[in-house]
Amino acid sequence: MQNSILDHINSPTELRLLNQKDLPQLAQELREFIINIVATKEGHLGASLGVIELTIALHYVFNTPDDLLIWDVGHQAYGHKILTGRKDSFHTNRQLDGVSGFPKRSESVYDAFGVGHASTSISAALGMAIASQLHGDLEKQHIAVIGDASIASGMAFEGLNHAGVTDANVLVILNDNAIGIDPSVGALKQYLTNVKKGIQKKNNIIKALNFDYSGPIDGHDIDKIISELKRLKTIKGPKFLHIITTKGKGLKQAEENQVKYHAPGRFDAVTGDLISKSTSEQPPKYQDVFGYTIVELAKANSKIVGITPAMPTGSSLKYMMDVFPDRAFDVGIAEQHAVTLAAGMATQGLIPFCNIYSTFLQRAYDQIIHDVALQQLPVIFCLDRAGLVGEDGATHHGVFDMSYLRCIPNLIIFAPRNEVELRNIMYTAQLGLQQPIAIRYPRGQGITLDWKQPFSKIEIGKGIQLKDGKKIAVLSIGTITKNVSDAIEKTENPDDIAHYDMRFVKPLDEVLLHTILKTFDTIFTIEDNSIKGGFGSAVLEFASTHNYKKNIKLLGIPDMFIEHGTVTELHKSIGLDSESIAKFLNSFS
């Protein structure tokens with residue numbers, strides 16, 4: 001039986017003391033270590049398994065952390081974390097107060113740049129390389145590792161375009177595995193496929209951008225990678241290494257089903273088989289309510305089209321792609337393009353449902369304002385993963401959308417409290433609006449088994465009363481309403497508390513607000529959005545405008561970045577769980 005190498009590696013300094021012939025064994029041990037932990041603790045799997053050899057080679061050849069290594073997105077950085085002093089704590093990955101699922105500057109000196117969203121690595125590495133030049137350090141290395149899905153994004157090309165006219169000491173490594181979370185799409189994917197096959201006859205576009213291009217090489221041949229990295233280390237200026245890898249390498253099921261094993265949940269570490277979840281009937285995920293509903297609506301309305309930037313599975317637009325492949329579009333990691341594409345479609349009478357995770361819509365803010373709202377185009381934005389998303393943490397929480405959208409003229413903002421409301425607002429929107437609408441809903445499972453009800457039109461800008469009360473009014477918005485309803489039942493005097501689902505952040509139901517503000521002296525607003533600039537702020541603005549002197553208290557996401565943990569744990573930590581809300585209400589009743 002071989003002695004473990006990984007047991008004795010706690011830093012890249014120790015890694016670099018190994019004989020190169022021992023590195024394949026280390027690669028095998030590192031894969032097994034990741035598989036064994038992710039099998040029970042869950043997390044992202046396939047991406048890290050695919051870059052094990054590259055990860056070892058990078059830390060073996062380069063003098064990290066003095067040489068700066070940036071991972072694009074960071075799904076693939078588990079091996080990096082384990083080799084850089086976090087092996088003993090890796091079992092806490094993505095758990096409350098544990099290791100982050102993504103590279104994070106405050107966590108380790110080896111994490112040169114915090115990531116979580118795609119296509120930022122080249123710009124960051126170039127910025128660091130230029131800084132090194134200005135500091136007079138011409139030997140420091142700056143390495144960006146980016147996938148074939150991420151490099152197709154506009155921001156990545158902006159970085160390449162700039163780097164190509166500098167003499168900055170930057171190395172871009174393309175981890176080409178033909179997949180992001182879903183399979184890569186677009187003309188660049190075809191170009192890279194042709195390069196791999198050796199049939200690409202046109203000029204090399206990377207060389208045309210003034211990069212020293214090498215590859216493609218086998219990303220699982222550790223000796224070949226080390227040899228090429230050592231050569232590139234001696235070359236000055238912008239360099240580009242193209243490597244071919246297999247996502248999920250080393251686990252048969254992860255190689256064969258790369259979409260599912262991107263983040264598979266729990267599985268058997270020995271067999272690789274997924275551990276089946278409860279077979280009892282459960283409420284659907286909100287993303288599936290969207291996916292099934294858009295198909296249902298599209299069958300009746302031929303003008304409906306669907307758009308998603310690289311998230312067909314995560315958004316469940318995949319259902320529409322299967323039924324209407326000519327009317328549903330995965331545009332790749334290109335949120336700006338997705339929004340303006342939808343705007344162009346809307347000018348020609350189509351009804352675009354543009355499905356983008358809340359946290360990723362931030363990347364297309366100018367397009368929302370300039371290309372959609374300014375022109376009053378009826379694009380339907382479906383913002384999946386709104387609110388706290390759990391273990392992905394600060395880079396992925398969708399807690400700013402109501403704040404950053406509310407200030408935009410011409411835009412309707414709606415937050416359904418359950419699955420039926422989501423269906424009905426989608427139905428309402430496709431009947432024909434004269435302006436854009438944003439519909440925000442959370443990650444994960446809903447609360448309604450019998451959700452597939454006949455469609456009913458929702459009146460724009462109208463809230464509803466859920467419960468009567470005598471002394472206090474609670475105004476909630478979106479799915480956090482369930483926590484609020486549960487909380488009211490737990491209070492000492494539930495009959496004292498009236499509860500309203502306001503539904504629309506914009507336009508507010510002014511008739512209902514006037515009634516509430518005239519009736520109650522104490523009013524609470526509760527939301528799973530940033531307390532700064534969100535729903536509660538809108539109510540305060542309304543009260544100020546109309547000169548109401550009432551005691552209005554705001555509950556929501558505090559003015560800070562919330563880290564990772566389960567949604568239940570995070571709600572409790574900031575006082576948005578039902579017990580905390582009940583305690584808060586009791587103090588005023």
Side-chain angles (χ1 to χ4, degrees), residues 149 152-155 182 184-189 287 289-358 360-384 401 405 408-414 422-423 425-441 455 457 460 506:
S153 169
M155 185 176 177
D182 287 275
S184 302
V185 297
L188 186 63
K189 176 202 175 175
Q287 68 183 64
V289 174
F290 163 82
Y292 291 128
T293 301
I294 195 172
V295 170
E296 189 177 347
L297 294 171
K299 287 178 179 177
N301 188 340
S302 63
K303 293 181 179 180
I304 290 175
V305 291
I307 301 167
T308 185
M311 292 293 171
T313 301
S315 70
S316 294
L317 189 66
K318 184 74 166 59
Y319 302 150
M320 185 179 181
M321 290 177 170
D322 292 341
V323 179
F324 297 108
D326 295 334
R327 292 165 56 191
F329 305 90
D330 175 4
V331 301
I333 300 175
E335 292 86 3
Q336 294 177 324
H337 167 60
V339 171
T340 304
L341 177 72
M345 290 175 167
T347 68
Q348 302 305 302
L350 295 179
I351 302 173
F353 281 78
C354 188
N355 188 305
I356 303 181
Y357 289 9
S358 170
F360 298 147
L361 188 65
Q362 297 160 186
R363 296 160 62 94
Y365 193 58
D366 179 63
Q367 286 68 30
I368 303 166
I369 296 173
H370 185 273
D371 298 338
V372 177
L374 181 61
Q375 302 185 85
Q376 207 161 321
L377 295 171
V379 173
I380 302 165
F381 293 106
C382 293
L383 308 190
D384 199 335
D401 52 53
L405 293 174
I408 301 175
N410 297 335
L411 183 64
I412 299 167
I413 307 170
F414 180 88
L422 174 55
R423 275 174 59 79
I425 196 63
M426 290 175 67
Y427 168 75
T428 301
Q430 59 86 46
L431 290 175
L433 295 175
Q434 302 304 309
Q435 61 196 107
I437 182 171
I439 306 165
R440 51 120 53 193
Y441 51 91
F455 290 119
K457 185 177 180 181
I460 300 299
K506 191 173 186 177

Undergrad: Can Leu317 and Phe290 be said to form a side-chain contact (heavy atoms from CB on, under 4.5 Å), step by step?
TA: CA-CA 8 Å; Leu317 189 66; Phe290 163 82; 4.1 Å; yes
Undergrad: Return each pair, listed once, that meets salt bridge (Lys or Arg N to Asp or Glu O under 4.0 Å) where at least one residue sits in residues 342-352; pairs must be two or more places apart or across chains.
TA: none
Undergrad: Any donor and acceptor pair, going by atom type alone, linking the side chain of Ser184 with main-chain N or O of Lys189 inside 3.5 Å?
TA: no
Undergrad: Identify, with sequence neighbours excluded, every residue that meets side-chain hydrogen bond (donor to acceptor under 3.5 Å, both in side chains) alongside Ser358.
TA: Asp401
Undergrad: Could you tabulate the donor-acceptor pairs under 3.5 Å formed by side-chain atoms of residues 366-377, not counting sequence neighbours?
TA:
from: Asp371; atom 1: OD2; to: Thr340; atom 2: OG1; distance (Å): 2.6
from: Gln375; atom 1: NE2; to: Asp371; atom 2: O; distance (Å): 2.9
from: Gln376; atom 1: NE2; to: Gln434; atom 2: O; distance (Å): 3.4

Undergrad: Determine, stepwise, if the pair Ile460 / Ile412 fulfils side-chain contact (heavy atoms from CB on, under 4.5 Å).
TA: CA-CA 8 Å; Ile460 300 299; Ile412 299 167; 4.0 Å; yes
Undergrad: So, using side-chain contact (heavy atoms from CB on, under 4.5 Å) as the criterion, who are the partners of Lys506 when residues are at least two apart?
TA: Ile413
Undergrad: So do the side chains of Leu422 and Ile439 get within less than 4.5 Å of each other, counting heavy atoms only?
TA: yes
Undergrad: Would you sort out whether Asp384 and Ile356 count as a side-chain contact (heavy atoms from CB on, under 4.5 Å), showing the intermediate values?
TA: CA-CA 6 Å; Asp384 199 335; Ile356 303 181; over 6 Å; no
Undergrad: Give me each pair satisfying salt bridge (Lys or Arg N to Asp or Glu O under 4.0 Å) with a member in residues 327-353, each pair once, sequence neighbours excluded.
TA: Glu335-Arg363
Undergrad: Do you know the tightest heavy-atom contact between Pro352 and Ala342?
TA: CG-O, 3.4 Å
Undergrad: Output all residues satisfying side-chain hydrogen bond (donor to acceptor under 3.5 Å, both in side chains) with Thr313, sequence neighbours left out; order by chain, then residue number.
TA: Asp182
Undergrad: Can you list the residues that meet the salt bridge (charged side-chain N to carboxylate O under 4.0 Å, His left out) rule with Asp322, with sequence neighbours excluded?
TA: Lys318
Undergrad: Residues in side-chain contact (heavy atoms from CB on, under 4.5 Å) with Gln362, at least two apart?
TA: His117, Thr359, Phe400, Tyr404
Undergrad: For Ser315 and Tyr357, which heavy atoms make the closest approach, and how far apart are they?
TA: N-OH, 4.3 Å
Undergrad: Where do Ala438 and Leu405 come nearest, in terms of heavy atoms and distance?
TA: CB-CD1, 3.8 Å
Undergrad: Run Ile307 and Val339 through side-chain contact (heavy atoms from CB on, under 4.5 Å) and show every step you take.
TA: CA-CA 9 Å; Ile307 301 167; Val339 171; over 6 Å; no
Undergrad: Among residues at least two apart in sequence or on other chains, which ones pass side-chain contact (heavy atoms from CB on, under 4.5 Å) with Thr293?
TA: Val289, Leu297, Arg423, Met426, Trp451, Phe455
Undergrad: Restricting to side-chain contact (heavy atoms from CB on, under 4.5 Å), what partner residues turn up for Asn301, sequence neighbours left out?
TA: Lys303, Ile304, Ile351, Gln430
Undergrad: According to ring pair (Phe, Tyr, Trp, His ring centres under 6.0 Å), does anything in residues 317-340 pair up with another residue at least two apart or in another chain? List the pairs.
TA: Tyr292-Tyr319
Undergrad: Can you sort out the partners of Phe414 under ring-ring contact (aromatic ring centres under 6.0 Å, His included), two or more places apart, ordered by chain and number?
TA: Phe504
Undergrad: Strictly distance-based, threshold 3.5 Å: is any side-chain N or O of Gln435 a donor or acceptor partner for the main-chain N or O of Pro378?
TA: no
